[in-house]
Amino acid sequence: MGEGSDLNAKQNNDIIDSIFNNTLSKSNIFKDRNVLRNEYIPDNIQFRNAQMTSIAQITAPLLIGHKPSNILLYGKTGTGKTVVTKFVLKRLQERASNVGNQLDFAYVNARNASTEYRILVELASTLNIQLPFTGLSISEAFSRILQTIKEKKRMVVFTIDEIDFLVRNFEANILYELTRANENLPAPSFISLIGISNDLQFKEALDPRTLSSLNEEEIVFTPYTVEELQQILTQRAKLAFNENAINQSAINLCAALAGAEHGDARRAVDLLRVAAELAEREGASIIEDVHVRSATKSIEQDRVFEATRSLPLHAKIVLYTISRANEWPSTGSIYSQYSQFCKRLGIEQLTQRRISSILNELDTFGLISAPVISQGRLGRSKKIHLIALVDTVIAGLKEDNVIRQIIN
DNA sequence: CCTCCACTGGAAACCTAGGCTC
DNA sequence: GAGCCTAGGTTTCCAGTGGAGG
């Protein structure tokens, strides 16, 4: 280590210190960041009184230890389903413990949990049951849970968010089991279900018996209008930012951009948060339209980067192959180039059938577009191209040590 | 109207990691 | 520790298909 690097070290420290100092010194913009987090539940939820009233009415019997009807909540993403549910259940929980009524509230997001088994593990953990990560059959896991509920006379309210995901992927066996569970549970214990669905058509895919049980009550969440989004954001901004740290036009822009996508309040709030962070980072004292516009880009890039980075190895190789290809390659040509890369890496290649499925997966992630096109005599195949920004995808791929070997 | 390409995508078999029982 | 079981990923097999060119 020479004197030069000492100097460098000193400079680095200065930079880091100044970043920390900036954060520690009172922010120009933020008063309370938490208000803009996804998990934040406002004290005052706007434009959802009807839905709140319904859920409260339906779940009220819990207070006197009766099983309420199962509820199904519908509405697109960011229409307040999750927030409203959590809000009402939180209040319910407080009241229940006031009157000395022991209720268990389990919440699971089916998309995050991703398999039936993991959903049961989530449910089990709120009941303080330890289930191993693997090795148990679903029915075994399920009967252990039921056993505990029975023995300890528990009253369980089980909220399954993004329940449509469950139905699409697993034909909803455990949903069926869950809806029937009460037949085998002696009073006073029961499982009451609250399903939350983003997909309005998912009922059609559901087994009619399960549906009729799950759907005892149905509550619909309509998208927010742009004006409603504006008011929601204005309210949040008041709590989150210092006075005059944002101008109305930036708020309106967030509302308009999110409104263009079916009135998604979550997206609107995300935009607001990221715009504020960008403004803060560049030392601005007011959040303006420019920051909102950069926020849309930044959010999309983060999404692509994260999605790419967390892909399994072979999906990454396929994605890299696509990013290198010009024109609109077909499954066959992608497969042969993919095989080349596998050979270079000394990895066993997967079959074309599997690659075809991986292409579909990448398509649903929104990283590529791969519609099936028929070209007459030239056969029928996918026409593939990258939709995500190449640079962002490559940056995500470079995080992987194996893939880095083929990115020169 | 028929053919025939280059696949698609369903179904079932197979493989592997890991837990369970005895 | 052997032998069994399951979930989840993959392979194997194959009938099915939209449409340009005949």
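Proteins get letters first, then strands, A, B, ... in listed order; numbering begins at 1 in each.
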### Task
First locate atom OG of A/Ser54, then atom CG of A/Leu73, and finally report the distance between them rounded to the nearest 0.5 Å.
9.5 Å
### Query
A/Leu120 has an atom CG; how far is it from atom C1' of C/dA7, in whole Å?
13 Å
### Query
For the pair made of CZ in A/Arg380 and C1' in C/dG18, what is the distance, rounded to whole Å?
6 Å
### Message
Whole angstroms only, please: what is the OH-P distance between A/Tyr338 and B/dC7?
### Response
16 Å
### Query
Donor-acceptor pair under 3.5 Å: do we get one between A/Arg354's side chain and the base of C/dG9?
no
### Query
Would you say B/dG9 has OP1 or OP2 under 4.0 Å from some side-chain N or O of A/Ser357?
no
### Query
Whole Å only: how far is the OH atom of A/Tyr117 from the P atom of C/dG9?
15 Å
### Task
Output yes when a side-chain donor or acceptor of A/Ser125 lies under 3.5 Å from a complementary backbone atom of A/Asn128, and no otherwise.
no
### Query
Which part of the nucleic acid, if any, lies within reach of A/Ser330 when heavy atoms closer than 4.0 Å are counted: base, sugar-phosphate only, or nothing?
sugar-phosphate
### Query
Would you say the base of B/dT3 and the side-chain of A/Arg377 have a donor-acceptor pair closer than 3.5 Å?
yes
### Query
Separation of A/Ile358 atom CD1 from C/dT11 atom C1', in whole Å?
13 Å
### Task
Could you label the plane-to-plane angle of the A/Trp328 and A/His385 rings as parallel, tilted or perpendicular, counting under 30° as parallel and over 60° as perpendicular?
parallel
### Message
Is there a side-chain contact between A/Thr351 and the phosphate of C/dT10, meaning an N or O under 4.0 Å from OP1 or OP2?
### Response
no
### Summary
Result for 5'-nearest mapping on DNA chain B, choosing between A/Gln375 and A/Lys382, is A/Gln375
### Query
Quick one: A/Leu350 CG to B/dC15 C1', roughly how many Å, whole number?
13 Å
### Side-chain H-bond candidate by donor/acceptor type, A/Thr126 with A/Asp104, under 3.5 Å
no
#### Entry: Rounded interatomic separation in angstrom, taking CD1 from A/Ile119 and C1' from C/dA7
14 Å
### Task
For A/Leu378 and for A/Arg144, find the nucleotide of DNA chain B with the closest heavy atom, then tell me which residue's nucleotide is more 5'.
A/Leu378
### Query
So, is A/Ser381 close to the B/dA6 phosphate, meaning a side-chain N or O under 4.0 Å from OP1 or OP2?
no
### Query
Of the nucleotides C/dG19, C/dT10, C/dT12, which one has an atom closest to the side chain of A/Ser374?
C/dG19
### Task
Establish, yes or no, whether the cationic atom of A/Arg236 lies under 6.0 Å from the six-membered ring centre of A/Phe241 and within 45° of the ring axis.
no
### Message
In whole Å, I'd like the distance from the CG atom of A/Asn360 to the P atom of B/dC7.
### Response
14 Å
